[in-house]
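Quick notes on the structure that follows.
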Protein chains: 2
Amino acid sequence: MPATSRPTSKDVAQEAGVSQSTVSLVMGGKWAGRVSPATARGVQEAAERLGYRPNPAARNLRLGTTRTVLLMVPTLTAPFFGPVYTGAARVATSHGFGVVVSTWPGEGAAPEGPFAAPHETIDGILASSLEAARFGDEALAGFAGTPAVMLDSGPQGDVPTVDFGVADGMRAIARHLAALGHRRFGHVAAGLDQWTFHARAQALADVVRDVPGGSLLRERCEIDVASAKDAAGRLLARRDRPSVLVCDDDLIAAGAYKAARARGLAIPDELSVTGFDDVLLATALEPELTTVRLPAEELGAQGMTALLELLAGTRPHPRVLPGRLVVRGSTAPPHQA
Amino acid sequence: MPATSRPTSKDVAQEAGVSQSTVSLVMGGKWAGRVSPATARGVQEAAERLGYRPNPAARNLRLGTTRTVLLMVPTLTAPFFGPVYTGAARVATSHGFGVVVSTWPGEGAAPEGPFAAPHETIDGILASSLEAARFGDEALAGFAGTPAVMLDSGPQGDVPTVDFGVADGMRAIARHLAALGHRRFGHVAAGLDQWTFHARAQALADVVRDVPGGSLLRERCEIDVASAKDAAGRLLARRDRPSVLVCDDDLIAAGAYKAARARGLAIPDELSVTGFDDVLLATALEPELTTVRLPAEELGAQGMTALLELLAGTRPHPRVLPGRLVVRGSTAPPHQA
DNA sequence: CTGTTAGCGCGTTCAC
DNA sequence: GTGAACGCGCTAACAG
């Protein structure tokens, strides 16, 4: 056969002098007691010799399944989502599944037809960190029929979820700060319409309300260092300047560091700063950042586990992954002004 | 039909009262002058009503093409590869292609059969940052037949490549440092057997050799903050301590910062530090890092462009993307001891 | 133990 | 302008 096109199972059958079905059985690895060892080895050798590999498209068509799931994330540029993939891929691999990643289609890219995103043939979807604005159109119409699990997107109607215990995490931060003696809280909040950020804001407000003499100011920003620096700067410029900046994300905290430095405020002696997520950056900063560790890899792993259950016909229970307060060097009792 | 299984083109045909081929023509968008507008609209409405989407597996099998390419990277946890994906996806999308990501199979995971990595049906492969050790087995046997482009893996035999001008970048750093008056160079090198790191080491050595009275010490480490801190610490503990630490990666530079801080050395007054890549971290550090900006997104974009050319039958020319020296606050003339 | 047969859903001839 | 028939490569029944 020409070298230009790949050999098919028919070619292998011919080469080995058997029928296609025998080839299929041998390649499928389930010839135990159905094909003679001699014949099987002959087939394997023929396949090897020809460099044969089953055509996945044909296999998928016949089987109606691809053993592949799609992980959709808002972006791969943010440091948070790499580990999510890693966790998902680990679990998937151990069950003979593959994972492909896609990012949510951008603003401009009008999805042609319902759910144009994956060119892929997939068995299920892991949808991470969905924006609230997307729920209506996509989560319902988009996934149409495809088994899906939503990650880090808050409690949903009828689709299984895996979420972080962000409220508990934020409360832990706030209580840690209150115990240190802080009263004037500044919240540098992510300006994204996502469940997780709403939950963080709510939890922080709840705790501060119960702090005697407690006050809370809020500024919103993008999740990038420059924007966060601006927002933090606005907070620090006030006469009633907060003694602590509670940031919705470690990246935002990095911006807060820069704003503090720009005003000559020492961390943690004159200003405490906290982050959220505990990405790599948190320990690269000086001083190292007090933050809440969100088990991103575990999110991917648990999500995949739930999706696999779903594909197997079981209805997975909702999962909540606790965040853990990690106290490092960026928090201290407030400066006595 | 039952709600459990997705509608097929046959269902649409029946619903619209036409034949399958008519449906195929209309859905394919090429019914210009072959199907009456009235019929076409009827088909489209029927498809809409049923929520019909062509079965990708069947389409792939028939067409022999998937309009999907695979991007393989060493890891998604490192901050560098997100932008690579973004750039590749941007170009692919504009040509009607999709991108799926995979990481190189881990050490333990023995690839079953030749190239087990993608469960996917793909038209081509973008292989990024291959380790030299992998070349023999994978690059040759692995891609067997599949059109591939190698990214950031150095010049290859017969497969098209896109690389960074890392040697030029490293020379720019070294000359910048030499011009500031530095003589004692320390190289905190990544202990990975990749082309890019060999090229960096070579370029640095070349420049230092031509610096009058120049000396060069080298320590290797993993690409993570803790390991880099150790390696940098070993360099700083020497009697003939370098006046500058040239780091193979921004992450490594972050470790160098910590080592410096641990020894009470002020950056840049008592010690200069440089990075490589210019990831997000570079501007989050204090002082901001002097580094070489590697256009990661452009790497993905150019790689995809080359792969698309390859798929179209053209032989793409090798591409080299220049790195640009970005001088920030972490470099200064050496301290007069 | 092995070979023959049928059909997954689609796109594309070729008749009408 | 439209429909019937065929085959992509594979696997699962069923015969032998």
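Naming convention: chains lettered A, B, ... in sequence-line order (proteins, then strands); numbering from 1 in each chain.
Between the NZ atom of B:K10 and the C1' atom of D:dA5 there is a distance of 13 Å, given to the nearest Å. Spacing between atom CG of A:L61 and atom P of C:dA6 amounts to 18 Å, rounded to whole angstrom units. Atom CD in B:Q20 sits roughly 10 Å away from atom P in D:dA4 (whole-Å rounding). We find that CG of B:D11 is positioned 14 Å from C1' of C:dC8, with the value rounded to whole Å. Distance CZ (A:R59) to C1' (D:dT11): 9 Å, rounded to an integer number of Å. If you take CG of A:L25 and P of C:dC1, they are 13 Å apart, rounded to a whole angstrom. In this structure, CG of B:N60 is placed 14 Å from P of D:dC10, rounded to the nearest angstrom.
Side-chain contact, A:S9 with A:Q20: a donor N or O sits under 3.5 Å from an acceptor N or O.
Atom-to-atom distance recorded for B:E297:CD and B:L321:CG is 11.5 Å, nearest 0.5 angstrom. Distance CZ/B:F81 to OG1/B:T75: 7.5 Å, rounded to 0.5 Å. If you take OG on B:S102 and CG on B:L70, they are separated by 5.0 Å, rounding to the nearest 0.5 Å. Here the straight-line distance linking atom CG of B:N60 with atom CD1 of B:I122 works out to 11.5 Å at 0.5 Å rounding. Note that the CG atom of A:L294 and the CG atom of A:D152 stand 7.5 Å from one another [nearest 0.5 Å].
Counting any heavy atom pair closer than 4.0 Å across all strands shown, B:V18 reaches sugar-phosphate atoms only and no base atom. In this structure, B:S24 reaches the bases: a heavy-atom distance under 4.0 Å links it to at least one base atom across the strands shown. B:R34 comes within 4.0 angstrom of a base, heavy atoms only. Residue contacts for A:L63: at a heavy-atom cut-off of 4.0 Å it reaches the sugar-phosphate backbone alone, with no base atom in range.
Of the candidate nucleotides D:dT2, D:dG3, D:dC10, D:dC10 has the atom nearest to the side chain of A:Y52. For A:S19, the listed nucleotide lying nearest its side chain is C:dG3; candidates were D:dC10, C:dC10, C:dG3.
Checking the phosphate oxygens (OP1, OP2) of C:dT2, a side-chain nitrogen or oxygen of A:T39 falls inside 4.0 Å. Remark: A:T8 is not in phosphate contact with D:dG9, judged by side-chain N or O atoms under 4.0 Å from OP1 or OP2. For D:dG9, the OP1/OP2 oxygens have no side-chain nitrogen or oxygen of A:R62 closer than 4.0 Å. Between A:T22 and the phosphate of C:dT2, there is no side-chain N or O to OP1/OP2 separation shorter than 4.0 Å. In this model, the phosphate group of C:dC10 is approached by a side-chain N or O of B:S9 to a distance below 4.0 Å at OP1 or OP2.
Between the base of D:dG3 and the side chain of B:S21 there is a donor-acceptor pair shorter than 3.5 Å.
A:V159 and A:V149 make their closest contact through CG2-CA, 4.2 Å (heavy atoms, listed as atom of the first residue, atom of the second, distance).
Using a 4.0 Å cut-off between charged side-chain N and carboxylate O, A:E309 and A:R315 make no salt bridge.
A rotation axis mapping the C1' atoms of four pairs onto the next four is fitted at both ends of the helix from C:dC1-D:dG16 to C:dC16-D:dG1 over five pairs, and the angle between these axes is 50° to 10 degrees.
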